[in-house]
Structure formats: structure tokens, C-alpha cells
Amino acid sequence: MSRTNRRTDPKSYFVKSFGCQMNVYDGERMAELLDAEGLAPVDDADAADLVVLNTCHIREKAAEKVYSDIGRLRRDDGSTPMIAIAGCVAQAEGAEIPRRAREVDIVVGPQAYHNLPTLVAKAARGEDALDTDMPVASKFGALPKRAKQAPSAFLTVQEGCDKFCTYCVVPYTRGAEVSRPWKAVIDEARALVDAGAKEITLLGQNVNAWETDDETGNRQGLDGLIRALDRIAGLERIRYTTSHPNDMTEGLIRAHGEVDALMPYLHLPVQSGSDPILKAMNRSHSAASYLAIIERVREARPDIAISGDFIVGFPGESDEDFEATLDIVRATNYAQAFSFKYSARPGTPAAEMTDCFIAPELADERLQRLQALLNEQQMAFNQQAIGKRTRVLLEREGRKTGQRIGKSPWLQSVHLDTDEPIGTMIDVDILSAGPRSLGGAMPAEEAA
Ligand code: 5AD
Ligand code: SF4
């Protein structure tokens, strides 16, 4: 990347994150870094001196979107802001990005973004500003303290993945599985609660593989961490995502039945219901072992909402394989789900299986059938809430005046009219249900 144009030091910034919740967390941390440098946040890319696009590389569509987004940053007078590409596309494509999009000033990978201020200074001097290192030393120590916090906060506790599912870029873009140390996580959780968080969602690509020694040298898994966080006064809700079936330990399953603050929601991707496809995906679990875990989790916490991820049209997927996916969906009964058409990612083993790629039309048709079934289950799950009184954490203002939006324990969005401040936990009577959200009202005796 060789730049000839010196730029002035940016005074304002705008960060836009795409993809998973880990990127949302990283985006917030980058904003805090820029705040600490004295840059002012603005709500609109057009008004910003520096625009950070925090990108996602998981599927081709997401990765290609970056380039059209970069193009859209050009202003009416032909100028562009200083542009930083962060996230997984930055990691995967590195110096290729400014070669393809000359207006890009900075490329910074997910393990290097603590260096963003240095990179901004370099770019302002017209120097190359690329950092996609994956240092062993953690970036977390170099990040500023957490600032004022919304009621629901993300906290990254684990990053990377050693599972190497054959379709997935994560082991390459986010690197090997690393667990953040016990004390760092507990301290950050305390700081989040002190700053106003009532709920913390622990994040990791394989969050349930999190494991470290605690302060007394005892080995702790995610369940130990959850139990420790449960003792922080003022922290009312704990969630975690994303989990791998193979790391669903007995202790973690038990915690679902024993820790009140641990919300009754489990995102446990299965990807496919066919054993031969699971094998080709290198998932190292079977359909039956997945269902056995779901059964144990439901024994521990009968009202738990199960969520999942699915890929249709994986190379070699036959009609029979796809039917097995529909079967596992019927057997599990999902409250929420995310389903995707297989997307061949450069550098992954499945991208080499070109002799058995599935025709895009067939994959489309399968995706539609799967989504119809999942939507039906999600709607049925939401409808069960009607007529019940539910605990809701108010998280933000709604679009209409007087409207607030909160979350049920089962991660459903709940819309209602109330004057109660954001951050309050209240009882709400659920009156209506849609595929994506619930409508409710304050109980009559309290609304008076
Ligand atoms: N194609 C389609 N979907 C993918 N996912 C990961 N890699 C791919 C790919 N190459 C999906 C998986 C994963 C979710 C985050 O994205 O379902 O769980
Ligand atoms: Fe990707 Fe599989 Fe790791 Fe999940 S477990 S991040 S799907 S390689």
C-alpha cells in the first residue's frame, strides 16, 4: 500500500460493524480507543473524518460487500474520508484490499486493533498503515477501560477456533483458540456493571471451550466463570455465545439448572442433521450426540430456548442428507435459528470439493424449505408467550414516542409503552407475538 497523499489528522470518526457479535464488541472497543485519542464520534459516515468498516469474511456475500461499501464512502465532491478496514476481511485479504480499493488508508486485523491510533497517525502522514499480526500477547491489555455502558453488554472471553470445520474461515481469520485470563474477565465484568450493565453476554467463537486457572490455581471452565460472575452484585443476567456441541460439559449443563442469572437460552449450532455431511464438515459430533445434549440441557432447564445455525447445500449434500436436517430441526424444536446457503471460502478444505458442489438453485430451494420450517417453530415459540407475565430488561427506546424495547429471558424482543427508564427490569404482560418480537404492556395494577 503506497500512498502519496498526506491527510490531515482526523477529528471525528464513525465505526460500522458487520457480522457477528464479536465484531460488535470489537467495534465498541475501537470506538473507545478513538475516544481516548480525542476523536469525536459522529452518527453518519458522511460527517466523519475517519470511517472504520469492521468487516466479516464468513460468507462470500459478506466479504464482497466491503468493496461496494468502500465505494459508497465517496462524497459528492469526489473526496473520501480516511478509511480503515478492520475485522476478518482485513485479516484474510490484507494488502490486497488497498490494491483493489485505492481509497483505503488503513488495514487492521482483529488481533491488532489496539494499534489503531498508531495506524491512524501513520495514515495521516501518508505512510503505509497495515497491521494484521496475530501477537501472542493479548491486545486486551492495551485497550482503555470500559466507559459508560448500555444495560446489555458484550464481553469477549475467548477468541479463535481449533475445530477446523471444513467450510469455515474462522480458524484462519481469528487464529487459534485463546481464553482470556480469569482476573481480566472478572475485572472487565465488574467495570461493565459499575458503568451500568445489567446483563453481560460472554462472547467467543467457541465460548464454551473457555478454560483457565482461577486466582487460587484451580482449573475453571465456562460454568465456573458463570458462577463467579453470578456473585457480582448488580449483574442480573448472564448469557454466552457461540458454543460447540463437543464443549457442552456436564458442569455447564448443570449451571443452566442452578444459576438463576444464567438466562434460559442456548445457541448451539448443529449445521446439518446428516452424519455423512457432519463428517465431511469435520464437526466431530453426530446428529444423535447433538440430540442427546439437547435432551440433557432440557432436563436441567425445561424452559430453555434452543437456537442454532445451519448450512444447506454443503458439497455432496443429497436429498436424503437434507431431509435429515429437516428431521433434526423437527426433533429439536428451535426457538430461533440462523440458516445459510453454503458459500465456498478460499483456503478452506470444503472449497476444494468442487466435484460435488450443489447447484445454487437446489441450495436455494432447500434453504427456503428449511427457513419455512424454522420460521414456523419460531412463531410457535413466540406465541406460547402470549398471556404470560415476563421479566423484561428495558434496553432502548422504540421508534414511536413512549415506546421502549427490551428483552425477555428467552432473548425475544419485547415492545411496550412505558415511562420506566432504560436499564430497568420490569414485569410485562405479553399480548401479541410476531415472528421476530413480542408486544406487551405493563400489568394493569402497576400501570395505574
Ligand atoms: N458458508 C455458509 N455458512 C457458513 N457459516 C460459516 N461458514 C460458512 C460458509 N462457508 C455459518 C455457520 C456458522 C455461522 C456463524 O455461519 O452456520 O455457525
Ligand atoms: Fe468455524 Fe467450526 Fe470453529 Fe465454529 S467451530 S468457528 S463453524 S471452524
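Counting convention: from 1, in listed order, for ligands and their atoms alike. Everything quoted here is computed from the prediction, not taken from an experiment.
Listed by number with element, the atoms of ligand 1 under 4.0 Å from a non-hydrogen atom of Gln271 are 12 (C), 13 (C), 17 (O), 18 (O). Heavy-atom contacts of Arg59 reach the following atoms of ligand 1: 1 (N), 2 (C), 3 (N), 4 (C), 5 (N), 11 (C), 16 (O) (cutoff under 4.0 Å).
Only the side chain of Phe340 comes within 4.0 Å of ligand 1, counting heavy atoms alone; its backbone N, CA, C and O stay farther away. Here Lys341 has backbone heavy atoms under 4.0 Å from ligand 1, and that is the only part of it that gets that close. Residue-level proximity to ligand 1 for Ile311 is carried by the side chain, the only part with a heavy atom below 4.0 angstrom.
There is no side-chain donor-acceptor pair under 3.5 Å between Thr118 and Asn115. Asp35 and Tyr13 share a donor-acceptor pair across their side chains, judged by distance under 3.5 Å alone. Residues Gln336 and Tyr265 bring a donor and an acceptor atom of their side chains to less than 3.5 Å of each other. In summary, the side chains of Gln412 and Asn382 do present a donor paired with an acceptor at a separation below 3.5 Å, with no hydrogens or angles considered.
The aromatic rings of His256 and Tyr240 sit tilted relative to each other, their planes meeting at an angle between 30° and 60°.
With Val169, Val312, Asp309 as candidates, the residue nearest to atom 15 (C) of ligand 1 on a non-hydrogen basis is Asp309.
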Contacts under 3.5 angstrom, residues 245-254 side chains, donor-acceptor by atom type, not counting sequence neighbours:
unit_1	atom_1	unit_2	atom_2	d
Asn246	ND2	Ser284	O	3.0
Asn246	ND2	Ser284	OG	2.8
Asp247	OD2	Lys163	NZ	2.8
Thr249	OG1	Leu252	N	3.1
Glu250	OE1	Arg296	NH2	2.8

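At under 3.5 Å, a nitrogen or oxygen of Ser343, whether backbone or side chain, sits near a nitrogen or oxygen of ligand 1. Backbone and side-chain nitrogen or oxygen atoms of Arg345 are examined, and none is located within less than 3.5 angstrom of a nitrogen or oxygen of ligand 1.
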